[in-house]
**Student:** 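Encoded as structure tokens, here's the structure I'll be asking about.
We use all heavy atoms of the structure for the numbers below, so side chains are in, but hydrogens, waters and symmetry mates are not.
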Amino acid sequence: MTDGARSATPPGLTPREVATHCPYCALQCGMTLRAGDTGVTVHPRQFPTNRGGLCQKGWTAAELLDHPDRLTTPLVRDPATDTLRPASWDTALHRVVAGIRAVQADAGRDAVAVFGGGGLTNEKAYALGKFARIGLRTRHIDYNGRFCMSSAAAAGMRAFGIDRGLPFPLADLGRADTLLLVGANPAETMPPLVRWLTEQRGNGGKLIVVDPRVTATARQADLHLQPLPGTDLAVANALLHIALTEGWVDRAYVAERTTGFDAVRRGVAAWWPARAEQLSGVPVADLEATARALGTGGRVIILTARGAEQHAKGVDTVTAYVNLALALGLPGRDGSGYGCLTGQGNGQGGREHGQKADQLPGYRKIDDPAAREHVARVWGVPADELPGPGVPAYQLLDALGTPGGPRALLVFGSNPVVSAPRAARIEGRLRDLDLLVVADLLLSETAALADVVLPTAQWAEEDGTMTNLEGRVLRRRALRPPPPDVRTDLAIIADLAARLAPAETVGRPEAAVSAGRFPTDPAAVFAELRRASAGGAADYAGISWDRIDADDGVYWPCPSEDGPDTPRLFADRFATPDGRARFHAVDHRPAAEQVCATYPLHFTTGRVLAQYQSGTQTRRVAALRRAAPEAFVELHPDLAARLGIDDGDPVRVTSRRGEFRAPARLSAGIRPDTVFAPFHYAGAERANSVTNDAVDPISGMPEFKICAVRVEKA
């Protein structure tokens with residue numbers, strides 16, 4: 001095996017059988033892969049997160065390994081025909097390097113940008129951030145996780161001083177007396193997690209779901225709050241108002257472990273339940289029942305997800321639920337707390353080690369002098385040569401090809417043509433580039449626009465680590481090497497760095513900075529990542545592959561190989577200078593775009609069970625395509641009757657930014673003033689053609705979850 005696809009078979013398994021993890025969501029379900037005469041098969045594995053369960057996506061994950069659409073050779077655009085043609089690696093990489101050099105010579109180092117993905121292993125995310133900063137020496141790098149976890153991450157950092165999706169093991173969900181899910185639909189997004197919800201209810205616990213739709217998860221709830229999209233913050237403030245009024249606030253905890261409560265108390269005084277009901281549509285009785293369950297339960301957990309977070313006020317909305325959790329004394333208490341459900345497979349680890357515009361490995365801030373010195377020493381470069389902070393994902397994408405913006409973009413593991421808000425505009429920006437390079441395993445909609453496409457190894461063809469939604473670092477193991485003309489991302493990065501090195505380091509004593517500093521063996525990369533993260537918030541220094549193999553993963557922070565890891569955070573102190581959590585007063589504000597006579601309906605997006613993210617992979621799996629072959633527009637029957645639309649009719653959804661078309665699906669489980677569509681589909685069915693590109697001022701999160709539209713029969 002080459003390029004890091006080393007044999008790493010645990011005892012009891014043959015070389016043609018490896019224990020690994022699903023390539024999809026952040027639950028990272030355990031599975032065993034077996035190579036046989038008829039191909040690779042998937043078998044569920046007992047692992048703490050999934051306990052032997054897999055969803056349909058996991059069961060069919062191996063079908064892509066030998067899919068006929070798989071990229072098996074580099075592609076280079078022929079200027080004469082404007083088509084992608086097969087090419088050798090040398091030709092393809094020469095085209096990339098020549099384009100990078102030409103752009104940077106003309107417009108400076110920041111004229112080249114890098115866009116990563118939340119599905120990359122920790123090793124690849126780390127190497128990509130390092131390559132951007134010392135290989136390209138550009139400040140412009142960000143990743144698609146900005147569209148997923150950024151609001152919850154920013155809220156966690158300012159409240160707790162650290163960002164880990166779940167600061168406690170997933171198993172705590174099954175023990176909760178009260179579990180509040182806000183904007184989360186795990187029954188479709190990560191079905192094996194529902195086992196914990198079933199266990200929780202079987203133990204007599206109460207499940208409360210906050211969602212504008214009656215989702216598969218909401219149907220299992222004891223209580224379902226159905227607010228107008230964009231009003232979750234008002235609901236949270238009303239719940240805290242009730243808790244204060246009823247005396248359910250843990251005043252001793254607030255006094256001993258937090259700061260800033262007085263400002264929050266004064267702010268929520270204005271959010272009496274009737275006011276919240278008028279704004280959100282959630283009845284006062286339901287608000288009171290929810291507050292009572294939270295305030296009087298023994299073990300209480302509050303979880304948020306994309307429905308609450310993907311807003312231009314996403315950080316404040318999450319902060320409101322964090323405030324509620326702190327006021328009730330939940331974080332750090334056994335079996336209780338606040339957490340968020342990470343979406344992408346390595347959404348947690350992918351944001352810890354350098355893909356984000358403002359971060360260095362270990363969750364260090366790139367503008368912190370001490371952080372820069374530490375990482376620069378590991379990388380062997382002067383700290384003052386590291387670039388400064390870049391800009392968040394949407395701002396970066398929207399600047400492509402514009403005066404002063406990046407003129408070249410390298411994309412690894414992302415498909416912004418489908419996944420970005422106001423997607424038609426971003427597609428246009430990509431077309432305006434001098435150079436677009438995409439490394440992927442399939443010809444995504446973004447890769448189809450590229451000047452150079454580089455075929456990459458799949459999840460079962462390379463070793464590495466992933467960090468799941470609990471902060472548990474796991475081992476991904478290679479079953480087989482990649483096809484002969486396919487390379488790993490680490491090999492691609494190393495080759496580009498070596499080819500760029502002569503021009504980058506001429507006359508400098510540290511001429512080997514780029515060349516030779518990018519190993520292709522993921523074990524070597526992880527060893528360097530451990531050193532770079534040491535002492536940071538996300539400290540992996542004590543996590544070795546052997547230690548992961550010896551147990552069911554290792555929780556960060558773990559600063560010492562012979563010391564404990566940290567399944568539970570905040571038991572004694574928070575990760576702030578004084579050890580206290582921070583309250584922040586936040587108030588409801590309207591969505592960035594309001595309904596009007598021309599666009600009278602609220603539009604929101606989400607996922608369906610059989611598809612994943614932009615659908616690049618799942619739309620090519622036959623069983624998943626049969627289960628969810630096309631997009632749809634979910635409408636309440638009363639709304640459909642007013643519009644003259646029947647179930648199955650083709651409809652057009654139009655906003656100020658664009659339109660998409662899909663069949664109508666009538667459901668009494670959605671509010672009559674709201675329409676819904678999944679975002680996994682491309683072309684005429686691309687829901688993100690209409691979504692709003694307004695962003696949160698702190699996190700850079702776009703407002704995916706609400707905009708104003710009109711709906712008409714197509």
Side-chain angles (χ1 to χ4, degrees), residues 25 27 152 165-166 170 172-236 238-239 242 276-277 280-295 297 299-311 317-318 320-321 324-325 328 330 336-343 469 604-609 634 636 667-671 674 676 705-706:
C25 79
L27 200 58
L166 292 185
L170 192 66
D172 281 11
L173 303 186
R175 301 192 298 132
D177 296 303
T178 300
L179 177 57
L180 177 67
L181 295 180
V182 186
N185 182 19
E188 295 197 73
T189 60
M190 44 182 65
L193 184 144
V194 175
R195 292 178 176 220
W196 300 109
L197 306 186
T198 302
E199 181 176 300
Q200 185 250 352
R201 296 194 66 211
N203 289 335
K206 176 170 286 190
L207 175 64
I208 304 172
V209 171
V210 182
D211 199 297
R213 302 170 59 228
V214 182
T215 64
T217 306
R219 284 194 290 272
Q220 300 181 39
D222 298 283
L223 180 60
H224 175 207
L225 313 187
Q226 204 166 355
L228 179 73
T231 61
D232 295 301
L233 198 162
V235 169
L239 293 174
I242 297 168
E277 177 184 27
S280 68
V282 177
V284 168
D286 288 349
L287 292 170
E288 291 176 339
T290 300
R292 183 176 302 107
L294 295 171
R299 294 182 296 269
V300 176
I301 294 175
I302 298 173
L303 297 179
T304 64
R306 305 304 83 72
E309 298 160 12
Q310 287 181 320
H311 294 270
T317 299
V318 175
Y321 285 95
L324 177 62
L328 297 174
L330 307 181
S336 296
Y338 163 81
C340 61
L341 294 177
T342 307
L469 76 172
T604 191
T605 66
R607 307 181 188 189
V608 295
L609 175 63
E634 187 173 277
H636 193 280
S667 170
I670 191 168
R671 294 173 55 105
T674 301
F676 165 88
K705 285 296 187 267
I706 183 171

**Student:** When rounded to the nearest 0.5 angstrom, what is the spacing between CG in L27 and CG in L193?
**Tutor:**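 Answer rounded to 0.5 Å: 5.5 Å.
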**Student:** Which atoms form the tightest heavy-atom contact between P229 and P212, and what is the distance?
**Tutor:**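 Looks like CG-CG, 3.9 Å.
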**Student:** Sequence neighbours excluded and cut-off under 3.5 Å, please list the side-chain donor-acceptor pairs for residues 283-292, or say none.
**Tutor:**
from : atom 1 : to   : atom 2 : distance (Å)
T290 : OG1    : D286 : O      : 2.8

**Student:** Which pair of heavy atoms, one from D232 and one from Y321, lies closest together, and at what distance?
**Tutor:**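 Heavy-atom minimum between the residues: O-OH, 3.0 Å.
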**Student:** Which heavy atom in F676 sits nearest to a heavy atom in T605, and how many Å separate them?
**Tutor:** CE1-C, 3.4 Å
**Student:** Might you work through the side chain to side chain contact (heavy atoms under 4.5 Å, CB included) test for V194 and Q220, ending with a clear yes or no?
**Tutor:** CA-CA 10 Å; V194 175; Q220 300 181 39; 3.5 Å; yes
**Student:** Could you pull out all residues at least two apart from E634 that satisfy salt bridge (charged side-chain N to carboxylate O under 4.0 Å, His left out)?
**Tutor:**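 Counting only residues at least two positions away or on another chain, E634 forms a salt bridge (charged side-chain N to carboxylate O under 4.0 Å, His left out) with R213.
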**Student:** I'd like to know if the side chain of T217 reaches the main chain of A187, judged simply by a donor and an acceptor atom lying under 3.5 Å from each other, with no hydrogens or angles considered.
**Tutor:**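 Side chain of T217 to backbone of A187, a donor-acceptor pair under 3.5 Å: yes, one is there.
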**Student:** Could you go through the side chain to side chain contact (heavy atoms under 4.5 Å, CB included) check for V282 and V210 one step at a time?
**Tutor:** CA-CA 10 Å; V282 177; V210 182; over 6 Å; no
**Student:** Might you work through the side chain to side chain contact (heavy atoms under 4.5 Å, CB included) test for L180 and V300, ending with a clear yes or no?
**Tutor:** CA-CA 8 Å; L180 177 67; V300 176; over 6 Å; no
**Student:** State which residues pass side-chain hydrogen bond (donor to acceptor under 3.5 Å, both in side chains) with S280; sequence neighbours excluded, sorted by chain then number.
**Tutor:**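 By the side-chain hydrogen bond (donor to acceptor under 3.5 Å, both in side chains) rule, S280 matches no residue at all.
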**Student:** Only counting residues at least two apart or in another chain, list the ones meeting side chain to side chain contact (heavy atoms under 4.5 Å, CB included) with A325.
**Tutor:** I302, L330, P331, Y338
**Student:** Kindly indicate, with the supporting measurements, whether the criterion side chain to side chain contact (heavy atoms under 4.5 Å, CB included) is fulfilled by T304 and T317.
**Tutor:** CA-CA 9 Å; T304 64; T317 299; over 6 Å; no
**Student:** Test: salt bridge (charged side-chain N to carboxylate O under 4.0 Å, His left out). Region: residues 189-206. Which pairs qualify, not counting sequence neighbours?
**Tutor:** R51-E199, R201-D222
**Student:** Can you tell me which residue among H311, E309, Q310 is in a side chain to side chain donor-acceptor pair (under 3.5 Å) with K705?
**Tutor:** Q310
**Student:** So which heavy atom on V209 is nearest to which on A221, and how close?
**Tutor:** CG2-CB, 3.7 Å
**Student:** So, does N203 use its side chain to make a donor-acceptor pair with the main chain of G174 at under 3.5 Å?
**Tutor:**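 Looks like yes, one N/O pair under 3.5 Å.
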**Student:** Contact between M190 and L469 at the side-chain level, heavy atoms closer than 4.5 Å - yes or no?
**Tutor:** yes
**Student:** Do I301 and L179 have side-chain heavy atoms sitting under 4.5 Å apart?
**Tutor:** yes
**Student:** State, yes or no, whether a side-chain contact exists between L609 and P191 at a heavy-atom distance under 4.5 Å.
**Tutor:**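 Yes - at least one pair of side-chain heavy atoms lies under 4.5 Å apart.
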**Student:** Which heavy atom of H224 sits nearest a heavy atom of D211, and at what distance?
**Tutor:** NE2-O, 2.8 Å
**Student:** Going by salt bridge (charged side-chain N to carboxylate O under 4.0 Å, His left out), name the residues that satisfy it together with R175, two or more places apart in sequence or in a different chain.
**Tutor:**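 R175: salt bridge (charged side-chain N to carboxylate O under 4.0 Å, His left out) contacts with D172, D334.
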**Student:** Hey, does the side chain of Q226 reach the backbone of G281 with a donor-acceptor pair shorter than 3.5 angstrom?
**Tutor:**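 Between the backbone of G281 and the side chain of Q226 there is no qualifying donor-acceptor contact (under 3.5 Å).
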**Student:** Examine distances only and state if a side-chain atom of T674 and a backbone atom of R671 form a donor-acceptor pair shorter than 3.5 Å.
**Tutor:** no
**Student:** To the nearest 0.5 Å, how far apart are CG in L341 and CG in L181?
**Tutor:**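 If we round to the nearest 0.5 Å, L341:CG and L181:CG are 6.5 Å apart.
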**Student:** To check you understand the geometry: which heavy-atom pair defines the closest contact between A293 and I208, and what is its length?
**Tutor:** CB-CD1, 3.9 Å
**Student:** Using atom types as modelled and distance alone, determine if a side-chain donor or acceptor of D177 lies under 3.5 Å from a backbone N or O of R299.
**Tutor:**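 Flag set: sc D177 to bb R299 pair under 3.5 Å.
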**Student:** Atom CG of L225 and atom CG of L239: how far apart are they, to the nearest 0.5 Å?
**Tutor:**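 Reported value, rounded in 0.5 Å steps: 7.5 Å.
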